[in-house]
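Since the structure comes first, as C-alpha cells, the remarks are kept for the end.
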There are 2 protein chains.
Amino acid sequence: MRTLVDIIEQHIRSMIDRSADGSISIQRAELAEQFRCVPSQISYVIDTRFTPERGYIVESRRGGGGYIRIVRVTGGGRGAQLLRVLAEEVGEYIDQRRAENIIERLRDEGFIDERQAALMRGAVRRESIPVELPLRDALRARILYNMLTALAAVEQQMRRAQRGRKA
Amino acid sequence: MRTLVDIIEQHIRSMIDRSADGSISIQRAELAEQFRCVPSQISYVIDTRFTPERGYIVESRRGGGGYIRIVRVTGGGRGAQLLRVLAEEVGEYIDQRRAENIIERLRDEGFIDERQAALMRGAVRRESIPVELPLRDALRARILYNMLTALAAVEQQMRRAQRGRKA
DNA sequence: ATTTGTTTGACTTTGCCTGACCTTGAGCAA
DNA sequence: TTGCTCAAGGTCAGGCAAAGTCAAACAAAT
C-alpha cells in the first residue's frame, strides 16, 4: 500500500521536475487541503523527504503571504568532487536514515546506479552492524566514508583511463 | 501430520509461483489471520524457509503501510551466483583477506564490475570496522552478507524487468 | 533424555498521521 | 509609533499501524 507521504512526495518531486529552475514555492495549508490532510503532514513529508542530505534546501516564511520554498541543488556533474564533499558530511556518527538519504541523493543525481545504491544500502543497514548505539552510528560513518572515498578513487581512475584512451 | 510452517510455506511458494515476476508482497498480520496464528509465526516461516541459501531474499518495512516482500532468485543469473557464493563462503566470521578474495573472484568472473568491487572493498576494510577481533570479523561477515543479498535482489529485479521489456 | 524444531505472546521499534498549541510576519487602526 | 488581528508556517507529543525480537512453552525426532 502506498502511503500519503509517498504520494505527496511524488507530487512535490514532479512539481520540481516541471519547474524551470528546480525550485518551487508552495503554501502548506493549500497543499494539505488538496490531499485532505492536516498541514503538519506536509511538514512531515518535507522534513523526511526533502532534506539537505538528499540535496534540497528548504526556506520558509510565516505570517501573511507565507510560503515554503523547496530548492533542489545538484552536484553540477563533478562526480569525484561531490563524493568527497559528501564523505566529509558523513562526520563521526551517522544514523541509518541520514546514510540512506545520502545514498538516495547520489542515486538521484546519477552518480551511482541502482546496483551500487543497493550495495551501499546493504552495508549501512542496521542488521549489518548489530552493536549498541552509539558505536553502531560510528561504525556506519566509517563504512560509508570508506565506500564513498573508494568510489571517488575509482571514479578518478576511470576518468584518467578514459582520457588516455581518447588521447 | 504436516505442520503449520509447512502449510504456510507451501502457500507462500504457490503465491510466488502464480506471480508474474517471482516476487510477492504480503502483510504479516493479514496472512497470520488467514492461518489463525500469531504474526510472529509468519516471521518464523520466513526466517527458516525463505533464506538466501534457498534462493530467496526478503525485504520489509514497518509502520503504517508496512509490508514484507519476498523475492525468488532463480536460474543462472548474476543474482543466483551471488547467493551461491554467499551461502558457500561467507560464514559468521570473515577476515579481510578472505573477504577481498571473494570480492576479487566475483569481479574476475564478471558478477560484479570494478565500481561495485571498489564499494565492497571500501566497506570491508579494516578501517571501516575499527573494533577488536573477533567482533570485527563478525561484523565484516554481516556487512558482506547484506551487500551481497541486496545486490542479488536488484540483479534479479533487473533481469525480470529486462525480460518483460523484450516480451 | 536430549536435542531440535514449532508455536505462542509479551514487548520493542519504526514510521505515518493528527491535533493542539506556539511563533512569526503583514496590514491596519488609533 | 504602538498595538491589535489575522494569516501563515513550526513544533511536539501522542495515537495508531505495521513488522521485529526474544524467551518460554510445547512437540517431535533421535
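Lettering follows sequence order; numbering is per chain, from 1. When reading the values below, keep in mind they use all heavy atoms of this one structure, side chains included, and skip hydrogens, waters and symmetry mates.
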Discussion item. Under 4.0 Å, heavy atom to any atom of DNA chain D: which of residues 33-49 of chain A qualify?
Written reply: A/Ser40, A/Ser43

Atom [atom1] of [X] and atom [atom2] of [N]: how far apart are they, to the nearest Å?
X        : N      : atom1 : atom2 : result
A/Glu127 : D/dT21 : CD    : C1'   : 12 Å
A/Ile7   : C/dC17 : CD1   : C1'   : 13 Å
A/Arg2   : C/dC17 : CZ    : P     : 11 Å
B/Asp6   : C/dT6  : CG    : C1'   : 10 Å
A/Leu133 : C/dT12 : CG    : C1'   : 14 Å

Distance-only, no hydrogens or angles: does the [X] side chain make a donor-acceptor pair with backbone N or O of [Y] under 3.5 Å?
X        : Y        : value
B/Ser128 : B/Gly122 : yes
B/Thr51  : B/Thr48  : no
B/Gln27  : B/Gly66  : yes
A/Glu109 : A/Gly75  : yes
A/Gln116 : A/Asp113 : yes
B/Ser19  : B/Gly22  : yes
A/Glu88  : A/Val85  : no

For [X], what residues pass the side-chain contact (heavy atoms from CB on, under 4.5 Å) criterion, not counting sequence neighbours?
X        : answer
A/Arg126 : A/Gln96, A/Arg136, A/Arg140
A/Ala117 : A/Ile103, A/Arg107, A/Ile112, A/Arg121
A/Tyr56  : A/Arg13, A/Ile16, A/Phe50, A/Arg54, A/Ile70, A/Arg72, A/Asp108

Worksheet item: Side-chain N or O of A/Arg126 less than 4.0 angstrom from OP1 or OP2 on D/dG20?
Response: no

Quick one: which protein N/O atoms are closer than 3.5 Å to N/O atoms of nucleotides 14-18 of chain D? Pair and distance per line, please.
from, atom 1, to, atom 2, distance (Å)
D/dA18, N3, B/Gly63, N, 3.3

Could you list all N or O pairs between the protein and nucleotides 24-30 of chain D that sit under 3.5 Å apart?
none

Fill in: Presence of salt bridge, B/Glu155 and B/Arg159, under 4.0 angstrom
no

Discussion item. Pick the closest DNA chain D nucleotide for A/Glu30 and for B/Ile26 by heavy atoms, then say which residue is nearer the 5' end.
Written reply: A/Glu30

